[in-house]
Amino acid sequence: MKLSQVKYIVEGALLTAHEPLQLNDLKKLFEVHECPAAATLEKALMELTAEKASRPVFLQQVASGYRYQLQPDLMSRVQQLSESRRPNHSQAFMETLALIAYRQPITRGEIEQMRGVTTVDHIMRTLLANEWVRIMGRKEVVGYPALYGTTKKFLDDFNLKDLAHLPPLPAMPTIDEMMNTNLYGDSA
Amino acid sequence: MKLSQVKYIVEGALLTAHEPLQLNDLKKLFEVHECPAAATLEKALMELTAEKASRPVFLQQVASGYRYQLQPDLMSRVQQLSESRRPNHSQAFMETLALIAYRQPITRGEIEQMRGVTTVDHIMRTLLANEWVRIMGRKEVVGYPALYGTTKKFLDDFNLKDLAHLPPLPAMPTIDEMMNTNLYGDSA
Amino acid sequence: MNAHHDTNTSDAVPSVPAVINGAPLDELPTDLYIPPQALRVFLQQFEGPLDLLLYLVRKRSIDILLVDIVQVTEQYVAYVNMMEQLAWDNVANYLLIAATLIEIRSRALLPPPIEDTPVDELSPEEDLLRRLRAYLPFREVVKDLDALPQIGRDTCMVSIPFAQAARPPTIAVHDLSTALNNFIARNEAEQHYFIAPEKITTESKVQYIVSRVHTKRKVALIDLLEAREGRMGLVTVFIAMMELVKRTIISLVQQKPYAPIYLRDISSKR
């Protein structure tokens, strides 16, 4: 595989990853037969790092691996924008966060199974990026899926002392209540 | 402000946004005195869109704005890194979605009448949980059944700018075509 | 059957609809006998009754408007009967189409009605054809819709985290519990909302009709129908009745057009 192609793949993965990636992670991007040598991967990373100057994001090596981050001179502008935008958290987003908060530790598969949806990718990304959610460990089952839980920042941002202070879940509604509750927010 | 600098700022904001950004959002990146004209912003977006070819991510306009997204040829590799499974939708699921998309607003009964099959609950549930479909109102007939339609998120998730960009619906076949044409790729 | 379907992406009806013991089953057996397991695999390829009907009609190149409808009907009803033995959820939908086919068949066998049918009213076969034709474009467009690059499947959004973003909380903590509650309630509601109807089988209706006809000799069709069983009950009684006529256990009597239809026991005369 040509270096340019290795760079293309590695850059794509790093730009869309929600946590820093290590060399070992990057190797998983390739089939066994096409996997580049460690030296090639490092060369690709070096070249991607060097592209820094004129681009708004740059590759940075941190303790837990490589990640792209925003140029510092753009930080205040972008922050200003994100604060002005009232993030329109979707129902899916709220439900996912609620499931993690009340049912932690929970795997992504469990969330998907409960919600019946497989496309929570961007939601998990946002939750991890917000640092409201973190990986707490791995579940001891096939595939060792990550177990997600809420962070201290989540507690801070929601003005909670600890998880015990989450509002209690009202008792399960009776069937009658369920039939009459306005579940979809429509004008039933 | 030079076009190159506008591009640099806009690209940085779009690469770090959690949701697609609209022109109005992008304007907030600039101080009042330096804010570029709408035409300049649009030119910047156009040029950024054109850079697509050799880059692993590219700028795409969808219903709720502009966003950077991964080249599809990299998706399966990137999925190796996360635990996300590739969602595969059944023909029944997609037919239901297609009927809602092309015939909205439509009731569940009308969908069932068209497909000749009772809509399975979990299909509607997944469509609603995915936020691809929402209840738009009630039909003014006995029982006031819910009228379903597609959401902006459906357009976003399918990379569509608006409903007019849906793939064209094939014309209703004549009886002759139905009997004789190779509609299904089978050899009937 | 949709439950089976949803675990895999089914394409349009493939040219080889099923593989049984390694051998492709690409023709409908002419004698209509398929081992039940094979039939199950075969029928799983179809999205529903319209799909199956379309397949039968096309494979046989049968003009649905002509008398050949008999052949398709028989085949269709045979499949539906087998399906019922396999206890599928979706049988009611198939039965409804079967009833329509039977109606078409019975009309084909009867002399044309004396009064002309109103022009703006479609005959059952025309209506069925119209439904098949209206359904096809949607069946087809799925390919194109599914080919669109989808977020989460073919692509994902780039959103590089930028740290130090001390965003003020924009969600009240109360919203969280509300979200989870709505979620739980919605799931529960949908799980309990649908009250499964009693299973009505052709066989049970056959026995019911036989017992009624046996004791009373002559029973009005209208007395066999129960409103609470709805469409499904109606269709099942109809099929059971046709079955009993075929087995020459009962005969149908009608004094004049639009008069009540009676079922008469003819088995005891033999």
Side-chain angles (χ1 to χ4, degrees), chain B residues 14-20 57 60 67-72 75 78 84 86-95 97-99 101-102 113-118 120-125 128 156-160 166-175 178-180 183-188, chain C residues 2-3 5-15 47-51 54-55 57-59 61 63 65 89-90 92-93 96-97 129 131-142 144-162 186-187 190-191 193-194:
Chain B
L14 285 166
L15 282 169
T16 48
H18 301 313
E19 297 170 286
V57 298
Q60 169 88 27
R67 72 174 176 222
Y68 270 98
Q69 61 188 47
L70 190 68
Q71 295 278 10
M75 190 62 181
V78 166
S84 53
R86 191 186 148 92
N88 258 340
H89 301 300
S90 67
Q91 175 81 14
F93 180 92
M94 291 302 289
E95 277 181 17
L97 179 59
L99 275 162
Y102 288 91
Q113 165 70 18
M114 289 290 292
R115 295 194 58 237
V117 188
T118 313
V120 199
D121 274 337
H122 74 91
I123 290 183
M124 286 315 287
R125 184 157 59 222
L128 287 161
D156 284 351
D157 285 0
F158 280 78
N159 276 281
L160 294 166
L166 277 173
L169 190 68
M172 191 154 121
T174 63
I175 294 179
M178 183 168 81
M179 296 301 188
N180 302 316
L183 290 169
Y184 295 138
D186 65 337
S187 50
Chain C
N2 285 286
H5 253 289
D6 276 2
T7 53
N8 52 46
T9 326
S10 52
D11 289 317
V13 174
S15 52
E47 285 305 320
L50 289 179
D51 221 25
L54 191 69
Y55 182 82
V57 161
R58 284 165 48 83
K59 269 288 179 208
S61 293
D63 188 341
L65 293 171
D89 322 331
N90 227 342
N93 297 307
L96 190 67
I97 296 286
L129 276 180
R131 283 184 65 189
L132 281 177
R133 288 169 56 218
Y135 163 67
L136 266 179
F138 292 97
R139 195 191 196 294
E140 286 297 283
V141 83
V142 161
D144 301 328
L145 206 55
D146 209 39
L148 293 172
Q150 264 174 57
I151 281 281
R153 189 188 69 178
D154 308 300
T155 182
C156 60
M157 183 169 164
V158 178
S159 118
I160 298 163
F162 60 100
R186 192 179 71 226
N187 268 0
E190 282 180 23
Q191 273 160 23
Y193 187 72
F194 184 72

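Sequence lines set the chain letters: A, B, ... in the order given, protein chains first and strands last, and positions in each chain run from 1. Scope of the values below: all heavy atoms of this structure, side chains included, with no hydrogens, waters or symmetry mates.
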Check: Can you tell me how far the NE2 atom of His89(B) sits from the CZ atom of Arg153(C), to the nearest 0.5 Å?
Finding: 7.0 Å

Checklist line | Gap separating the CG atom of Leu160(B) from the CG atom of Leu145(C), nearest 0.5 angstrom | finding: 8.0 Å

Check: Side chain, backbone, both or neither: which part of Ala101(B) has an atom under 4.5 Å from a heavy atom of chain C?
Finding: neither

Notebook entry, point to check: For the residue pair Ser159(C) and His18(B), what are the closest heavy atoms and their distance?
Noted result: OG-ND1, 3.1 Å

Notebook entry, point to check: Of the non-hydrogen atoms in Val141(C) and Pro167(B), which two are nearest, and what is the gap between them?
Noted result: CG2-O, 4.2 Å

Next item on the list: Look up atom CZ in Arg131(C) and atom CZ in Arg115(B), then write down how far apart they are to the nearest 0.5 Å.
Entry: 11.5 Å

Item checked: Contacts of type ring pair (Phe, Tyr, Trp, His ring centres under 6.0 Å), residue Phe138(C), not counting sequence neighbours -> none

Checklist line | Nearest non-hydrogen partners of Asn159(B) and Thr155(C), listed with the distance | finding: ND2-CG2, 3.9 Å

Next item on the list: Hey, could you give me the CD1/CD distance between Ile151(C) and Gln69(B), rounded to the nearest 0.5 Å?
Entry: 5.0 Å

Notebook entry, point to check: Just by distance, do the side chain of Asp154(C) and the backbone of Pro72(B) share a donor-acceptor pair under 3.5 Å?
Noted result: no

Margin query: If I compare all heavy atoms of Glu95(B) with all of Arg139(C), which pair ends up nearest, and what's the gap?
Written below: OE2-CG, 3.5 Å

Check: Side chain, backbone, both or neither: which part of Leu14(B) has a heavy atom under 4.5 Å from chain C?
Finding: backbone

Checklist line | Distance (rounded to the nearest 0.5 Å) between Leu169(B) CG and Asp144(C) CG | finding: 9.5 Å

Note to self: For the backbone of Ile160(C) and the side chain of Thr16(B), can you confirm whether one donor and one acceptor N or O come within less than 3.5 Å of each other?
What the structure shows: no

Note to self: If you compare all heavy atoms of Ala171(B) against all heavy atoms of Pro137(C), which two are closest, and at what distance to 0.1 Å?
What the structure shows: O-CG, 3.9 Å

Item checked: Interatomic spacing from CG in Leu15(B) to CE in Met157(C) - rounded to 0.5 Å -> 9.5 Å

